[in-house]
Amino acid sequence: HVLAQASRNRPSRTSPDPCGGMIKYTELVAILVSICSVVSSALYTYVYVRGQSVSFFNEIHSEFASYDMMDAFNILESFRAATGPEQYAEEYIRLKMLWLGELRYRDTASGAGKVGFGLCGVCSSEAELGQRLDASRRRVIHYLGKLLMFKRMSYITQGMLDEFPGRPRMAHAVSLLQPLVEVTSTTYRAHMEDHRQVIAGVREAFHLHDDPSDAPASAMAPARDPAATAAA
């Protein structure tokens with residue numbers, strides 16, 4: 001009787017609950033699925049961003065190789081070769097002012113109802129060259145600004161820029177543009193901050209500060225009668 005009573009008072013061992021193991025297994029599967037989802041999203045984002053970077057890289061490559069860009073470089077290079085580095089900026093501003101003078105003359109003559117207005121002969125042809133030079137300068141500056149914008153917004157990497165267009169091409173572009181930007185700023189008393197910032201950004205991105213061969217031509221035109229700042 002005593003043994004029977006002790007047996008009844010002894011705590012009984014409970015059998016393991018099969019549902020508890022199932023719950024832990026389900027939680028483990030849910031965690032693994034969440035981890036796989038995060039990894040998959042990160043991989044997709046990486047592949048997408050890389051694909052977009054390649055797309056933007058192709059865009060800057062195609063634009064550099066376009067006819068308009070090559071023509072802009074050819075005009076500036078040919079003009080500097082013809083005038084020499086010392087007279088490059090001064091002759092540029094002289095032709096630009098000639099072009100702006102023709103535009104003002106056309107506007108005046110058109111308002112007066114005259115027909116066949118405009119400059120003649122050599123002056124007209126030089127004025128047209130001034131317009132082409134100024135358009136070329138603006139086109140190349142715009143391209144360099146686009147490069148910096150793409151880099152700033154992480155559409156392309158510095159490594160991509162180092163690969164193309166690369167440091168030598170950018171040093172050449174800066175040597176063509178900076179004298180023209182500076183002489184335009186001096187002649188028209190315009191700050192040209194947007195263009196100067198683009199050139200400064202290119203110099204910084206491609207480490208063009210300390211190389212003497214990267215220095216632009218020093219020729220500057222003397223200050224002339226000021227024109228409208230918008231002409232710059």
(message) Go through it in stages, so that I can follow the logic: the residues are Lys96 and Tyr188, the test is side-chain contact (heavy atoms from CB on, under 4.5 Å), and I'd like the CA-CA distance, side-chain angles, deciding distance and then a yes or no.
(response) CA-CA 11 Å; Lys96 177 175 178 176; Tyr188 294 104; 4.2 Å; yes
(request) Evaluate side-chain contact (heavy atoms from CB on, under 4.5 Å) for Arg139 paired with Phe73, printing each intermediate quantity in order. (result) CA-CA 9 Å; Arg139 181 171 288 113; Phe73 273 104; over 6 Å; no
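Between Leu133 and the options Ile93, Leu95, Leu180, a side chain to side chain contact (heavy atoms under 4.5 Å, CB included) holds for only Leu95. Applying the side chain to side chain contact (heavy atoms under 4.5 Å, CB included) test between Leu176 and each of Ile75, Val140, Leu76 identifies Leu76 as the sole match.
Taking 4.5 Å as the limit, some side-chain heavy atom of Glu77 sits within range of a side-chain heavy atom of His172. Side-chain contact between Leu161 and Ile60 is present, with at least one heavy-atom pair separated by less than 4.5 Å. Counting only heavy atoms from C-beta outward, the side chains of Leu177 and Arg137 approach each other to under 4.5 Å. Taking 4.5 Å as the limit, every side-chain heavy atom of Asp68 sits out of range of all side-chain heavy atoms of Glu63. Side-chain contact between Met170 and Arg167 is absent, with no heavy-atom pair separated by less than 4.5 Å.
Residues meeting the side-chain hydrogen bond (donor to acceptor under 3.5 Å, both in side chains) test with Arg196, sequence neighbours left out: Glu182, Ser185. Looking at residues two or more places apart in sequence or on another chain, you find a side chain to side chain contact (heavy atoms under 4.5 Å, CB included) between Gln131 and Trp99, Ala135. Looking at residues two or more places apart in sequence or on another chain, you find a side chain to side chain contact (heavy atoms under 4.5 Å, CB included) between Leu148 and Val198, Val202, Ala205. For Phe57, the ring pair (Phe, Tyr, Trp, His ring centres under 6.0 Å) criterion is met by no residue, not counting sequence neighbours. For the ring pair (Phe, Tyr, Trp, His ring centres under 6.0 Å) test, residues two or more places apart in sequence or in another chain that qualify with His61 are Phe164. Annotation: salt bridge (Lys or Arg N to Asp or Glu O under 4.0 Å) contacts of Glu59 (sequence neighbours excluded): Lys146.
Nearest heavy atom pair, residue Pro179 against residue Ala89, reads O-CB, 3.8 Å. When every heavy atom of Met70 is checked against every heavy atom of Ala65, the shortest pair comes out as CG-O, 4.1 Å. For the pair Leu144 and Ala173, the tightest heavy-atom approach, listed with the atom from each and the gap, is CD1-CB, 4.4 Å.
The backbone N or O of Ala30 sits less than 3.5 Å from a side-chain atom of Ser34, completing a donor-acceptor pair. Counting only distance, with no hydrogens or angles, the side chain of Thr186 and the backbone of Val183 share no donor-acceptor pair below 3.5 Å. Checking side-chain atoms of Tyr155 against main-chain N and O of Ser55 turns up no donor-acceptor pair under 3.5 Å. Put simply, the side chain of Ser53 never gets that close to the backbone of Ile156: no donor and acceptor are under 3.5 Å apart.
Summarising the geometry, atom CD belonging to Gln158 is positioned 11.5 Å from atom CE belonging to Met160; distances are rounded to the nearest 0.5 Å. In this structure, the separation between CG on Leu147 and NE2 on His142 is 10.0 Å, given to the nearest 0.5 Å. Rounded to the nearest 0.5 Å, atoms CD (Glu126) and CZ (Arg94) are 4.5 Å apart. To the nearest 0.5 Å, atom OG1 of residue Thr187 and atom CD of residue Glu90 are 9.0 Å apart. Note that CD of Glu128 and CG of Leu98 are 11.5 Å apart. Values are rounded to the nearest 0.5 Å.
Centroid-to-centroid, the aromatic rings of Tyr92 and Phe79 stay 6.0 Å apart or farther.
A donor-acceptor pair shorter than 3.5 Å can be found between the side chains of Ser175 and Arg80.
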